[in-house]
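What follows is one structure encoded as structure tokens, with my remarks underneath.
Atoms considered below: every heavy atom in the structure, side chains included; atoms not considered: hydrogens, waters and symmetry mates.
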Amino acid sequence: MTRLSQRFKRLENIKIGLTGVAVLLILAIMVVLLGTIFIGGSKVITWEFLSQSPRQGMTAGGIFPAIFGMVFSMFIMLIAVVPVGVLAAVYLHEYAKWDHWFTRMVRTAVTNLAGVPSIVFGLFGLGFFIQFIGRGLDHSLGREMLFGQPCILWASLTLALLNLPLVIVATEEALRAVPQAERAGALALGATKWQTVRHVVLPQALPGILTGTVLTIARGAGEVAPIMFTGAAYYLPYLPKAPTDQFMTLGYHIFVMSTQSPDVETTIPIAMGATMVLLCLTVALNMVAVVIRFRTRRALHKGR
Amino acid sequence: MNDQSTRLSIEKFSLYYGRTKALEDITMEIPERQVTAIIGPSGCGKSTLLRSINRMNDLIDEVRVEGSIKLDGEDIYQRDIDVVALRRKVGMVFQRPNPFPKSIYENVAFGVRMGENHVMKSRIEEVVERSLKEAAIWDEVKDRLHRSAMELSGGQQQRICIARALAVEPEVVLMDEPASALDPLATAKIEELIFRLKEKYTIVIVTHNMQQAARVSDRTAFIMLGRLVEYDRTSKIFTSPANKLTEEYITGRFG
């Protein structure tokens with residue numbers, strides 16, 4: 001009896017110990033990863049690093065064009081993904097019948113879209129946006145190689161596609177959090193369905209939608225695979241001026257510096273610095289998301 | 001129903017949720033400017049009946065109705081009826097206070113803003129003041145109209161919801177156990193309010209509280225298992241009910 005319970009106890013301790021080891025492992029990876037990047041990166045980050053172009057085959061100089069291109073592409077991506085994603089979620093959650101076959105099909109499509117590897121999005125962007133839509137536009141406008149080539153527009157739209165499920169899911173979640181009683185209240189006052197959505201549901205869902213949007217940027221900024229065929233450039237001596245220009249962006253820049261550099265020794269610190277900038281940006285965006293959620297929620301509670 | 005003109009008439013009305021029959025063959029006439037109470041045990045269909053009058057049951061999938069409900073002689077279940085317009089004529093107050101997380105002012109102005117384009121500010125102010133006065137809460141909130149309605153107590157919130165419903169000038173006001181989530185003092189205020197509102201509005205109230213039905217209503221309908229058991233003057237129902245079931249229910253033998 002006592003020997004048996006002792007054995008149980010030992011087994012129990014081993015199991016608890018295993019969970020502890022797993023946690024420690026994760027912590028260790030975090031510390032090593034962030035530590036390496038921080039130690040390597042903090043040395044090179046200066047104002048010049050952030051505000052100048054790369055020089056001498058990217059073995060010197062800064063990363064400004066990559067930051068600029070990233071902001072540019074995120075801007076276009078948001079213009080595309082937020083309206084489509086939010087409206088799709090509003091349709092799915094507020095209008096569509098819950099168990100209708102069409103709704104279920106769309107929902108399944110959204111879930112599956114979220115699971116598609118990002119390189120597939122890249123290839124899709126190349127085939128659909130550039131070859132099909134871009135070439136088609138060029139052909140019908142009588143232009144030569146304006147839309148039918150990799151550029152910010154197509155890269156951003158590919159990123160938008162990649163992030164569409166995220167926006168839809170975040171928005172649906174936010175809509176679900178709005179009490180049903182308030183929808184009923186508005187409808188009972190003779191508001192139309194759209195008025196109810198517009199004036200009662202969406203204002204309350206806004207914090208959740210904004211949070212989702214900011215997280216979309218954080219994710220979009222770091223993606224490389226979807227943009228390497230659709231618009232990101234290895235190196236450009238000028239900043240992009242129009243959506244039809246190619247662009248440099250941070251994630252791809254890091255990839256290029258760490259794999260294609262002619263002089264690895266001198267590029268590594270720059271790549272570290274760029275990685276640190278990207279990481280800080282992602283962390284900052286996540287924090288912005290938290291702050292937005294907190295503040296709008298409080299404002300909503302006070303009423304306006 | 002001889003001394004009062006009829007505003008609402010429910011004729012052979014049945015309602016199904018999918019295959020389940022929730023209401024069966026209900027016929028009753030609801031007189032103008034009186035309070036009609038609907039009582040009955042939990043799950044008997046009294047709220048369903050109430051929600052049929054402004055078609056809030058439409059929000060539930062797979063609801064099917066038979067028979068008709070006529071408001072001023074017009075069947076509200078006709079194919080081409082404007083449900084939005086109907087709900088402006090038939091207001092509703094819910095069981096739990098459900099103000100919007102907006103200011104008191106915006107809560108009351110909501111219906112007016114949704115119903116008309118470009119409403120004059122002065123008109124909205126006028127409507128807000130009139131409605132809050134009608135709902136007997138003006139004195140309590142007049143100094144903080146632009147504060148959130150969520151800061152108010154439950155009883156005050158419920159009166160804001162009543163004011164909000166009155167603001168669109170409905171003909172009929174439906175109340176679904178409006179005091180069941182409130183304390184006795186707040187309940188007394190709501191009851192007093194109902195009593196005064198019948199001068200202007202036709203009121204239908206669902207309640208599980210029989211004393212409340214006896215206090216505020218002119219007519220009482222007793223519903224059980226989706227059927228209308230008895231419908232008569234409140235004084236008659238509570239003193240000499242015709243049906244044995246009614247008597248057993250009001251004397252508390254079941255329910």
Problem - More than 12 heavy atoms of other groups within 6.0 Å of B/Gln78 CD - result: yes

Handout entry: Proximal component of B/Arg164, with respect to chain A [non-hydrogen, under 4.5 Å]
Key = both

Practice task
Kindly give the heavy-atom pair with the smallest separation between A/Gly190 and B/Val84, and that separation in Å.
Solution key: O-CG1, 3.2 Å

Handout entry: Greater than 12 external heavy atoms within 6.0 Å of B/Tyr77's OH
Key = yes

Exercise for the section: Would you indicate whether B/Arg96, at its atom CZ, is surrounded by more than 12 heavy atoms from other residues, nucleotides or ligands within a distance under 6.0 Å? Expected result: no

Exercise for the section: Check whether B/Val83 gets within reach of chain A through its side chain, its backbone, both or neither, counting any heavy atom under 4.5 Å. Expected result: neither

Fill in the blank from the handout: Heavy atoms of A/Gly185 and B/Phe100 approach each other most closely as C-CZ, 4.1 Å

Practice task
Could you tell me which non-hydrogen atom of B/Phe110 sits nearest to which non-hydrogen atom of A/His199, and how far apart they are?
Solution key: CE1-CB, 3.9 Å

Handout entry: Interface moiety of B/Pro170 toward chain A, non-hydrogen atoms closer than 4.5 Å
Key = neither

Exercise for the section: Indicate the atoms forming the closest heavy-atom contact of A/Leu189 with B/Val168, along with that distance. Expected result: O-CG1, 4.1 Å

Practice task
Please say whether more than 12 non-hydrogen atoms of neighbouring residues, nucleotides or ligands are located less than 6.0 Å from CZ in A/Phe75.
Solution key: no

Problem - Between A/Lys97, A/Arg198, A/Glu182, A/Arg183, the one whose heavy-atom pairs under 4.5 Å with chain B are most numerous - result: A/Glu182

Problem - Selection from B/Arg113, B/Arg87, B/Arg88 maximising heavy-atom pairs under 4.5 Å formed with chain A - result: B/Arg87

Completion exercise
Value for CG (B/Leu59) from NZ (A/Lys193), rounded to nearest 0.5 Å, stands at 6.5 Å

